[in-house]
Amino acid sequence: MEKILNYINGALVEPHSGNHLDNIEPATGKPYGTIPDSTKEDVDQATAAAKAAFPSWAALSIQERSNYLLKIAELIGQNLEELAQAESRDNGKPVKLARTVDIPRAQANFHFYGTAILHYASESHSMGEVGINYTLREPIGVAGCISPWNLPLYLFSWKIAPALAAGNTVVAKPSEVTPFTAFLLSKICIEAGLPKGVLNIVHGLGPKAGAAIIEHEDIPMISFTGGTATGEWIARTAAPKFKKLSLELGGKNPNIIFADCDFDKMLKTTLLSSFANQGQICLCGSRILIERSIYDLFKTEFVKRVKAMKVGNPKEEDTKLGAVVSKPHMEKVLSYIELAKEEGGTVLTGGKQAEMTGEFKDGYYLEPTVIEGLPHTCRTNQEEIFGPVVTLIPFDSEEEVLEMANSTKYGLASSVWTENLSKAHRVAKGLHTGIVWVNCWLLRDLRTPFGGVKSSGVGREGGFEALQFFTEPKNVCIKY
Ligand code: NAD
């Protein structure tokens, strides 16, 4: 059994309560370890350590802070295989995906912010003969960083790295559903010699350990990625305390396919954008909108390929879909498939739990599911499912597809497939999402602003946007 501990003030420690929660392996449905069931006391202790460490961490030169982040990145690289295996075991995702996407990206996050901080400059505003203003961008104090289960180390490090680079100290909580690589990260930080208290990782439940971070008087900024309902509670709780907030929330992303697209390229990428990580990426395109003249062709070819996708043991190289993350999540996704049927949808392929044998028979496997025949306004097409389920919807014009694409309360990401340049620009401009991909999906440049509009979030991560978030600007005005 793998026992996870909190990382507080530079040491691996038991939770105050002495209580632990089971950590379940989604591939088998069996517990394989425990995680601390942390409480306010643990968060208080972590915050006190972070507060004490803040002045000296903030006072380091940017080169010194950069060196620590680059060392952590290097150690993630050296431990890539162990981390990938751990991520797959904890989350159910194929090891291949963890090895090629999750862990390299976590390494890149530390590397990116370890170098970005060296190039981060602030503004000045000349008043000609009268004087000059310059802006100081100073670290704020203790940052609270809370992340979800779908891309565990990838999203955890996406917050921690810029917070530390900017000179803040951190109290972080990974999802209780996928805590393992955050624990391995604490060991890496110890090995990297990160000064004690600079990063503290508290494990446990959202409404208990997570809420204690949100409510803590000594944590003036919160960077959160997770569900919209949780984000709403966090916004309500943090607002009266005037905390800085960055919220990356849910999505219901449209994937818009015009008849003049490069069909083969589109089809290959659409399989990924629909089902990568079992459809549990906030950026997955769950509503596929297809121009009517190619609807039947798309349906036939897409369904044929979806049927051929292998669901199974996450360790096998040719597995395309592993297990979804937990039993409650599997049940939630299945309930949406039932809802789709009640709403009049036709399941073209999938639609149920995937039958497994041997050690995997109690794991949480779902068949990749394609549904058609639903109006864009129904619940199935409006609510986030966050699993291997997509719907197909035909459209006739640009105006109609934009109306359908923009009809949900979400606005995270969208994809557009067309070889017509003007149309691509026009549609990209008309989409109410924070990110638009044209003829691609999940092609990431870490310098770009990342985040959603409407109920998909507040604020942006990525590039200098995150460094702006984790610093406070101070204008200094000098009269000549
Ligand atoms: P969740 O909101 O249930 O949990 C996210 C994190 O918040 C977990 O660490 C959890 O313990 C914690 N938490 C829960 N309640 C809390 C509370 N009251 N106070 C403080 N912390 C609390 O989300 P999830 O189920 O882990 O993740 C799936 C969701 O995340 C989906 O909606 C998905 O779209 C979203 N997501 C968004 C992005 C993005 O960048 N916009 C990226 C990945 C996932």
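Atoms within a ligand are numbered from 1 in the order they appear, just like the ligands themselves. No experiment lies behind these values; they were computed from the predicted model shown. We use all heavy atoms of the structure for the numbers below, so side chains are in, but hydrogens, waters and symmetry mates are not.
- For ligand 1 and Leu155, the ligand atoms under 4.0 Å from any heavy atom of the residue are 42 (C), 43 (C).
- Contacts of Glu461 with ligand 1, taken as heavy-atom pairs under 4.0 Å, are absent altogether.
- The minimum heavy-atom distance linking His329 with Ile385 is given by the pair CE1-O, 3.9 Å.
- Contacts of Val177 with ligand 1, taken as heavy-atom pairs under 4.0 Å, are absent altogether.
- The distance from ligand 1 to the heavy atoms of Gly210 drops below 4.0 Å at these ligand atoms: 19 (N), 20 (C), 21 (N).
- Comparing Gly452, Ser326, Gly226, Pro152 against atom 35 (C) of ligand 1, the shortest heavy-atom distance belongs to Gly226.
- Here the side chains of Leu374 and Ile393 are not in contact, with every heavy-atom distance at 4.5 Å or above.
- For atom 13 (N) of ligand 1, the nearest protein heavy atom (residue, atom name, distance) is Gly206 CA, 3.3 Å.
- A salt bridge between Glu384 and Lys252 is absent, with no side-chain N of the basic residue lying under 4.0 Å from a carboxylate O of the acidic one.
- Among Cys145, Pro148, Gly251, the residue whose heavy atom sits closest to atom 27 (O) of ligand 1 is Pro148.
- Ligand 1 has at least one atom lying under 4.0 Å from a heavy atom of Ala211.
- Residue contacts with ligand 1, taken as heavy atom pairs separated by less than 4.0 Å, involve Ser147 solely via the backbone atoms N, CA, C and O.
- Side-chain contact of Gln382 with Ser407: a donor-acceptor pair under 3.5 Å is present, judged by distance alone.
- The nearest protein atom to atom 2 (O) of ligand 1, hydrogens excluded, is given as Thr230 OG1, 2.6 Å; this is a heavy-atom distance.
- The closest protein non-hydrogen atom to atom 12 (C) of ligand 1 is Ile146 CG2, 3.7 Å.
- Looking at Asn150 against ligand 1, only its side chain comes within 4.0 Å, counting heavy atoms.
- Take Lys409 and apply the salt bridge (Lys or Arg N to Asp or Glu O under 4.0 Å) test, not counting sequence neighbours, and it matches no residue.
- Under the 4.0 angstrom criterion for non-hydrogen atoms, Pro174 is in contact with ligand 1.
- Within the structure, ligand 1 lacks Gly457 among the residues with a heavy atom less than 4.0 angstrom away.
- Taking a 6.0 Å sphere around NZ of Lys332, one finds it holds more than 12 heavy atoms contributed by other residues, nucleotides or ligands.
- Counting protein heavy atoms only, atom 32 (O) of ligand 1 is closest to Glu384 OE1, 2.6 Å.
- Annotation: atom 7 (O) of ligand 1 to nearest protein heavy atom, Phe224 CE1, 3.1 Å.
- With sequence neighbours excluded, the residues satisfying ring-ring contact (aromatic ring centres under 6.0 Å, His included) with Trp158 are Tyr113.
- Checking Asn91 against Thr178 by side-chain atom types alone, no donor-acceptor pair falls below 3.5 Å.
- Heavy atoms only, all atoms of each residue included: Trp437 and Cys440 are closest at CB-O, 3.1 Å.
- Residues Asn150 and Asn277 have side chains that never bring a donor and an acceptor to within less than 3.5 angstrom of each other.
- With hydrogens and angles left out, the side-chain atoms of Gln468 and Tyr120 include a donor and acceptor closer than 3.5 Å.
- Among protein heavy atoms, atom 25 (O) of ligand 1 sits closest to Trp149 NE1, 2.8 Å.
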